[in-house]
Engineer: 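Here it is, the structure, as structure tokens.
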Amino acid sequence: MFETVLVANRGEIAVRVMRACEDLGIETVAVYSEADKHAGHVRYADEAYRVGPARAAESYLDQEAIVDAALEAGADAIHPGYGFLAENAEFAERVEATDGVTWVGPSSDAMEQLGEKTGARRVMDGADVPIVPGTTDPVADAETVREFGDKHGYPIAVKAEGGGGGRGMKVVTEESEVDEQLEAAKREGEAYFGNDSVYLERYLADPKHIEVQVIADEHGNVRHLGERDCSLQRRHQKVIEEGPSPSLDPEMQAEIREAARRGVEAADYVNAGTVEFLVSGDEFYFLEVNTRIQVEHTVTEALTGVDIVKWQLRVAAGEELDFAQDDVELEGHAMEFRINAENAADDFAPATGGRLEVYDPPGGIGVRVDDALRQGDDLVTDYDSMVAKLVVHGSDREECIARSQRALAEYDVEGIVTIVPFHRLMLEDETFVAGEHTTTYLDEAFDETR
Ligand SMILES: Nc1ncc2cc(-c3cccc4ccccc34)c(N3CC[C@@H](N)C3)nc2n1
Ligand SMILES: [Ca+2]
């Protein structure tokens with residue numbers, strides 16, 4: 001097992017990873033930017049290295065500075081968390097090539113193979129995982145799109161190869177839009193991902209977004225840890241995630257979980273990952289693979305009792321998973337509420353600053369708060385707006401909702417604006433409480449009010 005691990009991240013996920021390290025008796029090393037010199041993850045770590053000024057490009061994204069810090073600290077592994085360099089295959093490769101420092105995550109090859117959308121579709125298709133009807137190679141010209149439309153009908157999703165999170169996807173609702181939307185998708189792909197190749201999929205109207213957590217070791221053991229329903233999103237930002245899905249029937253639940261496991265097994269994947277699906281009607285289709293630990297991994301931890309981050313470290317150190325697929329059981333229901341420093345009454349505009357005059361998070365049975373905050377901290381607004389996660393578990397969805405209402409009522413934050421009031425309202429929204437919301441629910445609810 002590693003003796004010292006550098007966590008190449010900040011905020012709540014950095015503390016979360018350091019807690020797994022502490023549980024394993026591992027020394028923790030933090031990296032921080034000038035803006036984070038008083039941050040919670042720096043306080044928590046055994047030692048900390050300044051890697052640059054506030055700008056992420058010169059600090060948390062500075063690969064050389066991070067590797068140098070690891071070497072200086074004598075770290076024998078680097079955990080990337082999520083965001084920043086977590087899915088950067090080049091950085092993974094650089095760490096793999098650095099003697100004495102292990103990358104805690106999938107191999108750079110696996111990241112390249114599954115991170116490339118059409119490649120991932122080919123691998124899943126080969127493992128009999130249903131993929132959205134479409135192309136598994138990039139399309140070159142408008143003629144190909146028209147032929148696809150003739151065969152599969154409209155609407156068509158034109159997706160940038162390097163796309164993700166809503167960027168680089170254009171919808172062609174009828175043939176007359178083909179040229180314009182194809183060009184737009186290629187331009188956006190080039191602009192955001194430096195890659196203008198695009199592929200096609202039949203567009204599924206109003207889908208639910210279901211994702212399956214997987215963990216695999218270097219000895220060929222591949223386990224799924226059940227699914228999460230991430231359909232409550234606003235402009236491609238997840239707001240509340242939950243598990244198990246309130247809308248899947250038991251047979252689809254079992255099918256989707258096993259499909260994810262099978263697909264990852266076919267890809268020779270090692271470490272933690274998430275397989276994303278779209279569910280429309282009684283069909284589910286593979287969407288993409290996330291080759292990192294995700295914000296909402298906590299929902300799965302609450303349901304299964306499996307410490308996913310601890311297993312990331314143990315798998316990276318060559319250990320074997322000590323549980324069989326049949327040992328994995330999801331108990332009860334869990335929800336994660338992202339606590340963003342945003343003003344829901346002002347189109348979720350991120351806070352521009354402030355000090356935590358009062359910071360008094362909830363507690364009690366079934367309540368977990370992952371954060372890197374304490375009362376009196378100044379809010380750092382140089383990076384993303386998520387400052388904490390409230391994770392609530394109950395014996396069923398009803399108890400989970402009631403307990404979440406109690407926890408959100410207890411959550412006392414003053415001095416900065418957060419979306420806690422928005423979450424309190426969501427728990428009284430009848431569509432959400434009935435579990436009937438899909439990925440378009442919030443966008444439609446908000447756009448209607450506009
Ligand atoms: N063929 C087909 N049909 C419908 C789709 C609908 C979406 C989509 C659109 C809008 C919000 C979403 C939220 C979660 C998951 C997917 C979506 C979608 N996304 C949006 C971001 C990217 N990760 C994939 N792809 C789709 N693909
Ligand atoms: Ca190495």
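Along the sequence shown, residues are numbered consecutively beginning with 1. Just so you know, ligand 1 is whichever comes first in the structure, and atom 1 is the first atom listed for that ligand.
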Engineer: Specify side chain, backbone, both or neither for Val132, according to which of its non-hydrogen atoms lie closer than 4.0 Å to ligand 1.
Structural biologist: side chain
Engineer: Find out whether the Lys NZ or Arg CZ of Arg234 is both under 6.0 angstrom from the six-membered ring centre of Phe446 and within 45° of the ring's axis.
Structural biologist: yes
Engineer: Mind checking the NE2-CZ spacing from His79 to Arg16? Nearest 0.5 Å is all I need.
Structural biologist: 8.5 Å
Engineer: Considering His236, Glu211, His209 one by one, which has a heavy atom nearer to atom 8 (C) of ligand 1 than any of the others?
Structural biologist: His236
Engineer: Does any N or O of ligand 1 fall below 3.5 Å from an N or O anywhere on Arg202, backbone included?
Structural biologist: yes
Engineer: Can you report which non-hydrogen protein atom sits closest to atom 12 (C) of ligand 1, along with the distance?
Structural biologist: Thr439 CB, 3.8 Å
Engineer: So, the side chain of Glu276 versus the backbone of Ile210: is there a donor-acceptor pair under 3.5 Å, distance only?
Structural biologist: no
Engineer: Around atom 16 (C) of ligand 1, find the nearest protein heavy atom and jot down its residue, atom name and distance.
Structural biologist: Leu278 CD2, 3.8 Å
Engineer: For atom 23 (N) of ligand 1, which candidate among Glu201, Arg167, Glu288 holds the nearest heavy atom?
Structural biologist: Glu288
Engineer: Would you check if His423 and Val239 make a side-chain contact, meaning some heavy-atom pair closer than 4.5 Å?
Structural biologist: yes
Engineer: Distance to 0.1 Å, residue and atom name: give those for the protein heavy atom nearest to atom 3 (N) of ligand 1.
Structural biologist: Leu204 N, 2.8 Å
Engineer: Suppose we measure from atom 14 (C) of ligand 1 to each protein heavy atom; which comes out shortest, and what is that distance?
Structural biologist: Gln233 NE2, 3.2 Å
Engineer: If hydrogens are left out, which of Lys159, Lys117, Met169 has an atom nearest to atom 27 (N) of ligand 1, that is, the closest non-hydrogen atom?
Structural biologist: Lys159
Engineer: Find out whether the Lys NZ or Arg CZ of Arg292 is both under 6.0 angstrom from the six-membered ring centre of Tyr82 and within 45° of the ring's axis.
Structural biologist: no
Engineer: I want to check a possible cation-pi pair here: Arg397 against Phe432, using under 6.0 Å from ring centre and within 45° of the ring axis as the test.
Structural biologist: yes
Engineer: May I ask you to identify the nearest protein heavy atom to atom 22 (C) of ligand 1, giving residue, atom name and distance to one decimal place in Å?
Structural biologist: Gly166 N, 3.9 Å
Engineer: Hey, does Glu96 have a side-chain heavy atom less than 4.5 Å from the side chain of Glu93?
Structural biologist: yes
